[in-house]
A.B. asks: 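Quick one: the structure is below, questions incoming.
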Amino acid sequence: METPQVKTHGKAREARLELYRKKGKIHARSVSGRFNTLRWAMVWITQIVFYGACWLEWSGRQAVLFDIAHEKFYLFGLVLWPQDALLLAIALILAATGLFLVTALAGRLFCGFACPQTVYTSIFMWIEEKVEGDHLDRLRLDQAPPDPRKLLLRTVKHGLWLAVAAWTAISFVGYFTPIRALLAAIPGGQLGPWEIFWLLFYGTFTYVQAGFAREAVCQHMCPYSRFQGVMFDSTTRTVSYDARRGEPRKGADGSRSGGDCIDCGICVQVCPTGIDIRDGLQYQCINCGLCADACDTVMTRVAKPIGLIRFASERELAGTPVKQGLRGRPRLAAYAGLLSAFVALGVWTVGQRSLLLVDVLRDRGSLSRESADGLIENAYTLKIMNLAEAPRDFRVRVSGLPGIVVVGPASFASEPGSIRAVQLTVAAPPQSGAAGVRPIAFEIDALQDAATRVVEKSTFVLP
Ligand code: SF4
Ligand code: SF4
């Protein structure tokens with residue numbers, strides 16, 4: 001007479017699953033396993049980098065700093081200027097192409113393991129579990145009427161969430177305003193309007209997104225979940241349920257009917273987005289692998305091989321042989337090719353990058369004039385940009401016409417990371433060329449560094 005009991009348990013379990021799937025807040029059951037370990041490893045790595053990098057020093061300044069006021073981006077020994085926008089563009093394209101490649105290979109790996117939304121939700125859920133208890137305790141607490149214990153637990157949880165959100169906001173703004181100065185300014189309220197805005201905005205954003213919105217961000221706000229399917233092909237390995245092995249699952253009447261799935265529902269209970277992976281690939285799935293961890297534990301318990309839920313491709317699940325490498329995978333080959341091309345372009349751009357930039361502007365107010373000693377003179381303004389982090393002296397020479405010279409001082413000192421505008425007069429004999437606009441070139445050398453040399457084309461007007 002086991003059946004009625006099983007039936008009752010089955011119904012209770014169904015009711016509980018409905019609660020997890022559709023009603024109110026999702027209280028995911030905690031799970032351990034290799035994907036959960038990897039997920040937490042990513043939380044640690046990303047947060048050590050994010051919270052730590054803003055505290056690093058390099059040559060007496062913050063190592064990583066977006067100095068918007070002075071239009072510079074410091075990255076350890078590298079200082080990028082607005083003129084280096086191409087490098088930043090290449091870095092963004094590289095990141096996007098890398099994301100597409102990883103998605104074509106293994107689905108939404110970024111979403112499940114490295115996306116800030118996932119990472120902060122994991123941290124906030126960990127705090128919630130430590131304060132309020134496991135998934136069933138939290139469910140009970142949600143349904144319990146207000147009392148002093150509930151108030152206390154909620155206050156502690158929200159206090160800790162706010163503390164994490166505040167520190168996250170300070171760290172974020174600390175990449176734009178030196179973090180030591182920022183921290184010193186907070187107690188006295190000596191912050192600028194933008195700092196106040198971003199501290200409040202980013203702190204609130206973290207608190208709301210990770211504490212309340214959670215999976216709704218992935219499902220309804222993030223555009224990536226909607227178009228990720230475009231990058232998939234039949235060999236993309238995503239977290240999948242092996243229906244050929246699992247079905248037919250245990251019947252509703254409790255009878256076993258051949259498949260390995262015992263319909264325990266734990267894979268649904270651990271899912272942070274509240275879906276059932278057994279329903280197939282769904283846009284809500286962030287590929288975190290927690291259902292695979294849960295099912296592996298169940299399979300081990302019932303002495304079946306693990307991997308009923310695993311990273312597998314459509315072909316693999318259909319029992320079709322999967323080709324290795326890039327053969328027969330044009331999408332993957334295209335992303336890999338693009339990634340290689342942009343890596344090469346990035347390396348080349350860094351190699352070609354000069355720490356000296358010069359703009360030459362000819363004074364159009366007076367085209368040319370004759371000096372007391374009979375030479376023809378043209379006036380110019382040179383904007384010398386010393387992109388190095390050291391003071392340097394630059395020597396200016398001019399060529400392109402016989403006898404053409406710079407009149408007066410031709411060497412100029414320049415501060416580290418500065419732009420210096422200098423007025424120059426250039427003179428040439430009247431007979432040095434035919435009348436009209438003649439091409440000439442300015443050559444600017446760094447005296448301390450023979451390799452730094454810039455040649456800028458310009459024109460000289462002969463009457
Ligand atoms: S955890 Fe595994 S056995 Fe349990 S319902 Fe999910 S797929 Fe079936
Ligand atoms: S279905 Fe599995 S992999 Fe997808 S979000 Fe839920 S737990 Fe993560």
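Order of listing sets the numbers, starting from 1, for every ligand and every atom in it. Keep in mind that this is a model prediction, so the values were computed, not measured.
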A.B. asks: Of the backbone atoms (N, CA, C, O) and the side-chain heavy atoms from C-beta on, which set of A292 has a member under 4.0 Å from an atom of ligand 2: side chain, backbone, both, or neither?
C.D. replies: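 A292 to ligand 2: no contact under 4.0 Å from either part.
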
A.B. asks: Give the C-alpha distance, both sets of side-chain angles, the deciding distance and a yes or no for salt bridge (Lys or Arg N to Asp or Glu O under 4.0 Å) between K150 and D147.
C.D. replies: CA-CA 5 Å; K150 184 170 179 174; D147 64 13; over 6 Å; no

A.B. asks: Starting from atom 2 (Fe) of ligand 1, find the nearest protein heavy-atom neighbour and note its residue, name and distance.
C.D. replies: C295 SG, 2.4 Å

A.B. asks: Run through E71, K72, R353 and flag the one making a side-chain contact (heavy atoms from CB on, under 4.5 Å) with L80.
C.D. replies: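 Filter result, single survivor: R353.
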
A.B. asks: I'd like to know if the side chain of R108 reaches the main chain of Y283, judged simply by a donor and an acceptor atom lying under 3.5 Å from each other, with no hydrogens or angles considered.
C.D. replies: yes

A.B. asks: Counting no waters, what protein N/O/S atoms lie under 2.8 Å from atom 4 (Fe) of ligand 2?
C.D. replies: C285 SG

A.B. asks: Side chain of Q448, backbone of A446: donor and acceptor closer than 3.5 Å?
C.D. replies: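 No: the side chain of Q448 does not pair with the backbone of A446.
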
A.B. asks: Kindly assign one of parallel, tilted or perpendicular to the pair F201 and W198, based on the angle between their ring planes and the thresholds 30° and 60°.
C.D. replies: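 Geometry flag for W198 against F201: perpendicular rings.
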
A.B. asks: Just need the protein heavy atom nearest to atom 3 (S) of ligand 1, so name the residue and atom and give the distance.
C.D. replies: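 It is I262 N, 3.5 Å.
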
A.B. asks: Of all the non-hydrogen atoms in the protein, which one sits nearest to atom 4 (Fe) of ligand 1, and at what distance?
C.D. replies: C264 SG, 2.3 Å

A.B. asks: Under the 3.5 angstrom rule, does the side chain of Q117 hit a backbone N or O of R214 as a donor-acceptor pair?
C.D. replies: yes

A.B. asks: With under 30° as parallel and over 60° as perpendicular, where do the rings of W55 and W167 fit, or are they tilted in between?
C.D. replies: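 Rings of W55 and W167: parallel, as their planes differ by under 30°.
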
A.B. asks: Does the R61 side chain pair with the main chain of F76, one donor and one acceptor, at a distance under 3.5 Å?
C.D. replies: yes

A.B. asks: Counting from 1, what ligand 2 atoms have a heavy atom of P272 closer than 4.0 Å?
C.D. replies: 7 (S)

A.B. asks: Any chance you could lay out the side chain to side chain donor-acceptor pair (under 3.5 Å) test for T177 and E195, step after step, and finish with the verdict?
C.D. replies: CA-CA 8 Å; T177 297; E195 286 154 349; 2.8 Å; yes

A.B. asks: Mark the output for R249 as yes if a heavy-atom distance to ligand 1 is under 4.0 Å, and as no if none is.
C.D. replies: no

A.B. asks: Looking at ligand 1, does A294 have a heavy atom less than 4.0 Å from it?
C.D. replies: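 It does not, in that no heavy atom of A294 comes within the 4.0 Å cut-off of ligand 1.
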
A.B. asks: Could you tell me whether the side chain of R420 and the main chain of A413 form a donor-acceptor pair under 3.5 Å?
C.D. replies: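 Checking the backbone N and O of A413 against the side chain of R420, a donor-acceptor pair under 3.5 Å is found.
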
A.B. asks: Among all protein heavy atoms, pick the one closest to atom 8 (Fe) of ligand 1 and tell me residue, atom and distance.
C.D. replies: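 Ranking protein heavy atoms by distance from atom 8 (Fe) of ligand 1, first comes C261 SG, 2.3 Å.
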
A.B. asks: For atom 6 (Fe) of ligand 1, which protein heavy atom lies nearest, and how many Å away is it?
C.D. replies: C267 SG, 2.3 Å

A.B. asks: Looking at K304 and D260, is any side-chain nitrogen of the basic one under 4.0 Å from a carboxylate oxygen of the acidic one?
C.D. replies: yes

A.B. asks: Applying a 4.0 Å heavy-atom criterion (strictly less than), which segment of I309 is in contact with ligand 1: side chain, backbone, both, or neither?
C.D. replies: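 Side chain only; the backbone of I309 stays clear of ligand 1.
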
A.B. asks: Hey, which atoms in ligand 1 end up nearer than 4.0 Å to a heavy atom of D263?
C.D. replies: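 Heavy-atom distances to D263 below 4.0 Å select 5 (S), 8 (Fe).
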
A.B. asks: Mind telling me whether F212 and H158 have parallel, tilted or perpendicular rings, with 30° and 60° as the class edges?
C.D. replies: parallel

A.B. asks: Identify, by atom number and element, the atoms of ligand 1 in contact range of M299, meaning under 4.0 Å from any of its heavy atoms.
C.D. replies: 3 (S)

